[in-house]
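None of the values given here were measured: they were computed from a predicted structure.
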Amino acid sequence: EEIDQRMSTRQLIIAVAVSLGASGVAAQPPRRPAPVPTPAAGANPNAVVVREIVRLVKKATGQTGPLADAPIGTELVSGDRLRTGGRSAAGLRFPDQSILRVGELSELVVTNPRRRDARLVRGELLANYKAPGRITGGNAIAAVRGTKVHFKLDDQSGEADIRCYDGRIFVSEALTVALRGRLQKHK
């Protein structure tokens with residue numbers, strides 16, 4: 001009886017070992033972190049690329065261009081606008097892999113992709129910058145220094161609520177400059 005019990009224990013161990021080997025559990029190599037994506041050959045180094053879309057995202061060329069759907073892979077160059085609809089969002093990637101996540105009912109103008117500069121016309125965004133950049137909106141300018149920042153604009157008052165979650169930012173009021181004899185807000 002003792003010999004039969006040892007035999008059945010050995011058979012059980014062998015059966016478990018064989019089933020693990022067959023399922024690939026024992027044969028899997030250790031996981032490596034995913035590589036950081038690099039721009040594809042021929043990609044525009046002067047463009048921000050739409051990388052994520054939730055529901056409705058539109059793009060317009062320049063300030064007065066008509067809005068059209070912005071599928072994943074759409075490039076935004078200096079002066080282009082991006083607008084999100086209700087319960088919608090977009091993820092944008094700068095050439096240096098810095099990220100902007102644009103919230104619902106928001107509008108953003110890319111002012112300088114290489115320098116990571118953007119202007120929030122309305123709504124909110126979350127930025128994760130790898131290098132210095134600038135976000136303007138309403139009556140505020142935020143000089144972002146490699147940080148995670150939430151920038152929300154009050155549509156009625158034009159006031160900006162800026163929160164820094166990591167690193168640091170420098171915030172000031174929108175500049176007022178004299179241009180050809182008259183005062184004008186700098187955007």
Side-chain angles (χ1 to χ4, degrees), residues 37-86 88-147 149-155 158-162 169-180 182-187:
T38 56
N44 186 351
N46 295 315
V48 178
V49 179
V50 176
R51 302 293 292 183
E52 302 168 327
I53 291 176
V54 176
R55 296 184 53 127
L56 182 65
V57 178
K58 302 269 186 178
K59 173 206 171 188
T61 302
Q63 294 292 339
T64 58
L67 290 169
D69 287 339
I72 290 177
T74 299
E75 292 185 346
L76 302 170
V77 295
S78 187
D80 286 352
R81 291 181 297 143
L82 183 98
R83 185 181 291 176
T84 59
S88 301
L92 307 177
R93 183 164 300 195
F94 285 95
D96 75 336
Q97 307 303 313
S98 293
I99 295 171
L100 278 181
R101 299 206 190 286
V102 184
E104 72 172 334
L105 299 173
S106 297
E107 185 172 344
L108 175 88
V109 176
V110 175
T111 52
N112 189 330
R114 285 190 152 232
R115 291 184 16 206
R116 292 154 304 283
D117 291 350
R119 181 169 52 92
L120 188 62
V121 177
R122 70 172 185 231
E124 65 183 306
L125 62 82
L126 180 65
N128 185 357
Y129 279 15
K130 307 285 183 204
R134 186 176 69 172
I135 302 169
T136 60
N139 58 7
I141 298 172
V144 181
R145 298 295 177 246
T147 72
V149 175
H150 181 245
F151 196 111
K152 185 174 183 178
L153 194 58
D154 184 320
D155 293 337
E159 291 183 4
D161 178 25
I162 304 167
I169 58 173
F170 302 94
V171 180
S172 70
E173 289 187 45
L175 301 175
T176 303
V177 295
L179 183 63
R180 294 190 186 129
R182 60 182 190 266
L183 292 178
Q184 179 174 329
K185 281 216 177 213
H186 174 71
K187 294 185 180 182

Closest approach of [X] to [Y] (non-hydrogen atoms, all atoms of both residues):
X: P113; Y: P95; result: O-CD, 3.7 Å
X: N46; Y: V77; result: O-CG1, 3.9 Å
X: D80; Y: G62; result: OD1-N, 3.6 Å
X: L105; Y: T84; result: N-OG1, 3.2 Å
X: G137; Y: F151; result: N-CZ, 3.7 Å
X: G158; Y: L153; result: O-CD1, 3.6 Å

Can you find a heavy atom in the side chain of [X] that is under 4.5 Å from one in the side chain of [Y]?
X: Q63; Y: V109; value: yes
X: L92; Y: V50; value: yes
X: I135; Y: Y129; value: yes
X: N139; Y: E173; value: no

Is there a donor-acceptor pair under 3.5 Å between the side chain of [X] and the backbone N or O of [Y]?
X: N128; Y: I99; value: no
X: T111; Y: R119; value: no
X: S88; Y: V57; value: no
X: S106; Y: G103; value: yes
X: R55; Y: I53; value: no
X: R101; Y: A90; value: no
X: R81; Y: G65; value: yes
X: T136; Y: I141; value: no

CD (E52) with more than 12 external heavy atoms under 6.0 Å: yes
When rounded to the nearest 0.5 angstrom, what distance separates [atom1] in [X] from [atom2] in [Y]?
X: D96; Y: R114; atom1: CG; atom2: CZ; value: 10.5 Å
X: L67; Y: T61; atom1: CG; atom2: OG1; value: 10.0 Å
X: I162; Y: K152; atom1: CD1; atom2: NZ; value: 13.5 Å
X: R116; Y: Q97; atom1: CZ; atom2: CD; value: 11.5 Å
X: N112; Y: F94; atom1: CG; atom2: CZ; value: 9.0 Å
X: E75; Y: N44; atom1: CD; atom2: CG; value: 5.0 Å

Which residues share a salt bridge (Lys or Arg N to Asp or Glu O under 4.0 Å) with K58, sequence neighbours left out: D69
